[in-house]
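See below for the structure under consideration.
One is the number of the first residue; the rest follow in order along the sequence.
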Amino acid sequence: MEKEKWVRRRIKVCQPFEEERRRIRNLIDDFLNCLKKIKNEFIASKWDDIEKLRMELRFLRTFVLFGNSNLDYFYVRMSMNIYKFSYLADSIFIGNEFILAKYNMDSLAPYLLKEIKSYLRLKNVAIMTEENMLEYRDSLLKHLHDLPKYCSDFLLPLMREYKILREVCRHLRDFYELECNKSTTTEFLYARYQMTVDRVAQFCFDLWTGNYTHYDNEYAVSEYSSKITSLLIDIIPLELEVLYISTSELIKESRSTELEGFVNQILKASPRILQNYLIHLQGRMAGAVAVNYAPTQSINVMMEFLLIFLTDIPKRFIHREKLNDMLAHAGVLTRKISILVSKLLEEISENNINEADFSAPDFLQEIEQMKGDIRQIFLKTPESSQLRFPMDDGFLFMNLLLRHLNDLLISNVYSVTLMKKEIGMVKESLEFLTSSFRKVTKTLDDTSGVVKDCWLHALDVAYEAEHVINSILVRDKALSHLIFSLPNVTDKIKLIVAQVTDLQLEDKNGDEPLDAKSSNEPIELTSSSFFEVTVGHEEDEARIIGQLLDEHESELDVISIVGMPGLGKTTLANKVYNNTLVASHFNVRAKCTVSQKYNKSKKCKGLPLAIVLIAGVIVRGREGKKKEKDLWLQIEHNMDSFISSNNNSQMMKVMQLSYDHLPCHLKPLLLYFARSQKSIQTPVSTLMQLWMAEGLVDHDSLEEATQTYLAALISSSLIMVDHIPSESISCTSVMIKACYIHDVVHDFCSVKAKKEKFFKLINSGDPFHASDYLHRRLAFHTDDYRQLHKKCDLFNSNKCSAGSKHLISLTVSGSLDNYRFINHTRHLRLLRVLQLDNFSDFEDDVLEDSLIEEIGSLFHLRFLSIWANMEAIPESWVNLQNLETLLINTENTMVLLPRLFKLSKLKHVSIDHSSFFEEDGADESRILEGEISKLTNLSHVDILYSESTNDALKKFPNLEHLECTIGILKDPPTHGDWFPKFDVLNKLESLFVRYPWDRCGFPIEYYFPTSLKELRLYNISMRPDLLSAIAALPHLEILAISESYSMEDKWDASEDIYQNLKTLTLREASLSEWDVDRETFPKLEELIVEQCYKLTEIPCAFMDIHTLKSIHLTNIKRELGDSAIAIKKDIAAYTGEDRLDVHISHVYERRVRQYSRRGDLNLFNRSKEIEIPQQVPHVSGGNEIEDDPADKLRRALLDKRYLIVLDDVWDTATGEIEPFSVMIKVCYVHDVVHDFCSVKAKKEKLFKLINSGDPFHASDYLHRRLTVHTDDYSQLHKRCVLFNFNKCSAGSKHLISLTVSGYLDDSSKALEI
């Protein structure tokens, strides 16, 4: 009553303004009607402009009549849009005199704008009567409809949520127009509704006035995506209240036809709205509490169940009226969840959580009740799936499926909770079936039809069970699968278990089958498993070395080593190349692997590789206790067929034999190599992380088991190990182990992986089919993202194939110039491995923010590797509770916020640029508030000096490997105690530290944990107190000091003892003196010295280190190399054993840059720096040497011996060689073949080659094809009248091919051609 009186008084006071407002409204409405009539006067091409002008005027009308100063920058923006309207009107009407005169537009438009400006100057606030409010709400809804046309450039990507916003606003408007809202039960919602109207008005006003134009399009999309999300989070709870009131029993009894229609309308739209809201609630919950936080488990499980229900309602099989009741109930439950989440967030902010408030045990009971009710709304039961097992190796499939089920049972995924009982039962039953049928695996094909049929049926049902469980996890028809298919498939499995139990299968394999080795059994290996061993090449090695060192041999030798892959050609060449005598004999050595094409031998035909593989079979056969006679008969059969055939299929048979004799748990690990392109070497650490992430290793101690499995594959000769440079924090070459497989093995694995639907690699140009999704693991390597986007709808959630939802591993790599075709990943909910690796040089080719945010919905993700410019871990990533490895390539420095610590299984993190704190040191408390991290590996982190740094380090008690850069803040400390206290990391075994400058001087003390086994320091001064601190580390085995300098250019190590040091590396150290005692390095095995240009001598005490095996010297002075050779000779003379290997390369005297000039020696790369030997032959005229360094280089090399090793040669470079190598294919024939072809071509008069000095006869023209190669044009000109038209033989006129090459000092002699 009081409110109504106030409104009447307000209207009376503002009466004059109201009259003015009505006048303005009438003017605008008249103009709108006029524009509608005018539209028909224009040609069709102008209609869009007219409609845009009308839309602009409708916005003006709304905000002139109802807008107020509460809107941001209201008057300024209104003035700008009035001008915009004027400009648009002028562009349409000026020049069209007929329209202007007929409709009086030349005066009407200016008059209207003048009146609008005059009205706005009054700064009057409209009185919101019920009539005005109704008109205002209708106008805003109209604007929400128009806005996608008005700013389509960035709203179109947001239309999914934008439509939900528009729908909710319409529902609220309709509700408040109904008579039922006049009751006291809804009056309390009016204030919330008015606030919603104001927020929607601000949203529309911002878009209309172009607030988004201040940002680039990508940022605008992100900004307004956040605005829409925020609006939905605030207004959907109001819709839930409306739904709750409208469907309550109190109103339901007296519901009018009008209200009934409204309720049906809101229920019809509720699945989309509730689904969207629940997803947002999940995100807010994840950011607030840990996923495994027990008190909120039932809330999260209920949200997942509701999402399954709302996402996959099969509309063709349901009772509509019963469904509406279920949807209304879903709305009530969502409202309850919304209230609980809001309360939880409030209590968290106040740091006062009452766990009892959120246990909600009734939710789990509610789920079971709803499952029963849902059965009743189906008109008929969905048809049972008729899936058939599509692979060959049943035991491989069963093995992988059991690991998958085991991973699900221990995962923190809410959808698993909905079927944990069923998953457990399926796993237990399949373990029994696999164990039972394995007893007859060797005779399965020969057993009775009943046993074989039962096994095939078991595979079909197991495949169906996998499909059903995965479909529920990814919400693909999940409702019918959860309610019907899952119980159905468990019943089938129970039936098969009963049948197999009745069969009473007995072990018919005799001895233990070769593939029955349990994954729990350790595989004994020698310590040399990781080293390449070549047997039987000692004589060849000695013969080649003798030939190279023989002074009586020709000045130029080419020695060819031929044979099929696997024979050991490269190993033999490397051993010769690295031999100490060879290294000291040649002044310059170069080694180049040009290609991996095979130099195929006619005799070998793959026999060496076959022998290696079969040797592995024999070893495993003896370990498996297979009957030796049967084993040899099987090998004999395969070898006979191999030798008697030249077909590649025989090589595949040998590979199949080796594969068949692998233990079952090793087979998928071998096939996994098919995910990479041929010859790609994968670091062992990354490979092991991927195996574990893929679920290919099933063991309590995953890392130990993975190492054991890797060693077993290496010992089988199926995979090989090399050492490659690590991408570490330093430019120094830290060599790490990497694995790869032979190309023949790769071919086999590719075929087998495809056949077993295990993995598929899709290269550029390969076709792509929807059936490829059956492989579950896909790797795309592309050079053209556009072609991939056309062929593959994988990243478009609106078009993607249902099969893509079941992918568990996805890798995309190559030169992707643009990542924007990768739109969505939220539908790939089963992914365990996601690698989006870009090898482009463009900084902007990174993932968009929206996609990065979506990654947080991939709950099963174990391994994530992406390129993204991020400054923090997105809040949504807190959902990634199964993530184990995180690799991010970014240009920005990411702050390790506490939310990273909430990822309970995360162990390996490598972020190109990361820091504990902000660069300015602000808000350091954030990381200190976090939980204790479980990380074991952390790379590329900047540790800025701060008082809180040491406290931050305490958050990582489980670290075993750390790579970091010590940074200094803008205000460096004045004291010397700034070195990080790494000693709090008592499990740390490997530490890489870089210190980029000395702004703070030297620390007064160094803190290293005693657990260290490997320490690499860069840019840190070699001060005595540092070296003493290092010497005190009892377990240190590897020490590398790089880019360092010493205060006195001297290292006196004679007083220290490095107890367990085995490898010592000095790189770019400014040492000129080095004192060592015989006891300083008692266990040293390897000494590496690189680019230490001042050091001239290795201390003679190294001769007394009995464990020393090798010395590697690179880019050093000749004197240093001589001292190493002297130590080697002294050891040999004293012990009688040549046990010390000395490798010397790039002896430094003086460097010149090699220039590419015709006739100059050019070793592979124009920009390569080559060391000039000390003894340079005297050349008359000193200036000549300085003016032409390439000539000096050539003369020097001609006087010296040099060795060049080319591995697998098949390419050459032509003409000028650019700083980067462009490889082209070339063909050639063996010299013997060449001799034959020359004789045959001459005999058949097909071709003739005439070299310098060869005689030339007129009869040579009979060959029709001539090639003339000469070094002396004058001799050629005398002998050959080919180029003299007046003297040439008639036969020359019949030539059809002519080639002339060589050094023609006077090209004028050829001008008469």
Side-chain angles (χ1 to χ4, degrees), residues 55 59 62-63 66-74 76-78 80-81 136-137 139-173 192-240 272-284 287 338 341-342 345 823-824 826 848-854 856-857 870-872 874-876:
M55 187 163 56
F59 276 109
T62 298
F63 292 108
F66 305 107
N68 57 65
S69 57
N70 290 331
L71 296 171
D72 295 343
Y73 305 104
F74 176 72
V76 174
R77 292 189 187 179
M78 287 297 291
M80 293 173 63
N81 276 60
Y136 187 33
R137 292 195 296 255
S139 298
L140 290 177
L141 275 178
K142 178 63 177 172
H143 297 329
L144 287 174
H145 178 77
D146 288 341
L147 279 172
K149 307 172 192 173
Y150 197 84
C151 42
S152 60
D153 51 345
F154 79 92
L155 266 189
L156 284 180
L158 307 174
M159 284 307 295
R160 184 171 176 269
E161 290 197 329
Y162 183 83
K163 287 179 179 178
I164 293 175
L165 172 65
R166 197 164 59 191
E167 207 160 21
V168 172
C169 289
R170 186 172 67 251
H171 292 163
L172 295 177
R173 190 278 312 266
R192 289 174 61 185
Y193 178 53
Q194 187 57 49
M195 288 177 61
T196 298
V197 172
D198 292 342
R199 290 196 60 188
V200 172
Q202 181 69 62
F203 177 78
C204 294
F205 185 70
D206 286 344
L207 288 175
W208 172 57
T209 56
N211 189 42
Y212 63 93
T213 58
H214 300 302
Y215 316 113
D216 61 67
N217 190 67
E218 185 177 341
Y219 183 81
V221 170
S222 177
E223 183 73 12
Y224 275 86
S225 174
S226 299
K227 286 179 181 286
I228 294 172
T229 299
S230 178
L231 270 172
L232 289 175
I233 289 174
D234 288 343
I235 70 175
I236 289 180
L238 185 58
E239 165 130 326
L240 293 176
R272 292 188 302 277
I273 297 170
L274 296 180
Q275 180 187 358
N276 179 276
Y277 185 58
L278 285 167
I279 290 173
H280 288 311
L281 285 181
Q282 278 187 334
R284 297 181 77 189
S338 177
V341 172
S342 297
L345 295 176
N823 300 316
H824 297 289
R826 59 174 174 260
E848 296 188 5
D849 292 343
S850 57
L851 180 65
I852 294 172
E853 191 73 26
E854 278 191 12
S857 64
M870 304 161 57
E871 294 183 354
E875 186 175 328
S876 64

Between [X] and [Y], what is the shortest heavy-atom contact and its length?
{"X": "V200", "Y": "C169", "answer": "CG2-SG, 3.8 Å"}
{"X": "Y193", "Y": "L238", "answer": "CA-CD2, 3.8 Å"}
{"X": "D72", "Y": "F205", "answer": "O-CE2, 3.4 Å"}
{"X": "V168", "Y": "I236", "answer": "CG2-CG1, 4.3 Å"}

Look up atom [atom1] in [X] and atom [atom2] in [Y], then write down how far apart they are to the nearest 0.5 Å.
{"X": "M80", "Y": "T209", "atom1": "CE", "atom2": "OG1", "value": "8.0 Å"}
{"X": "R173", "Y": "L140", "atom1": "CZ", "atom2": "CG", "value": "10.5 Å"}
{"X": "Y136", "Y": "F66", "atom1": "OH", "atom2": "CZ", "value": "8.5 Å"}
{"X": "R160", "Y": "L158", "atom1": "CZ", "atom2": "CG", "value": "11.5 Å"}

When S230 is tested against each of I228, D234, I233, L232 for side chain to side chain contact (heavy atoms under 4.5 Å, CB included), which residue passes?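 Of the listed residues I228, D234, I233, L232, the side chain to side chain contact (heavy atoms under 4.5 Å, CB included) partner of S230 is D234.
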
So which of R166, K163, E167 actually passes side chain to side chain contact (heavy atoms under 4.5 Å, CB included) with L144?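 Among the candidates, only R166 passes.
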
Please tell me whether F63 and F74 form a close aromatic pair, meaning their ring centres lie under 6.0 Å apart.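 Ring-ring flag for F63/F74: false, centres at least 6.0 Å apart.
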
Treating [X] as the side-chain partner and [Y] as the backbone partner, does any N or O pair qualify as donor plus acceptor under 3.5 Å?
{"X": "Y224", "Y": "F203", "value": "no"}
{"X": "T196", "Y": "I235", "value": "no"}
{"X": "N276", "Y": "I164", "value": "no"}

Check the pair I273, H171 against side chain to side chain contact (heavy atoms under 4.5 Å, CB included), reporting the backbone distance first and the verdict last. CA-CA 11 Å; I273 297 170; H171 292 163; 3.9 Å; yes

For D198 and Q202, which I'm curious about, is there any donor-acceptor pair between the side chains at under 3.5 Å?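 Judged by distance alone, the side chains do not pair up.
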
Donor-acceptor side-chain pairing of S225 and E161 below 3.5 angstrom: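 Absent: no donor and acceptor within the cut-off.
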
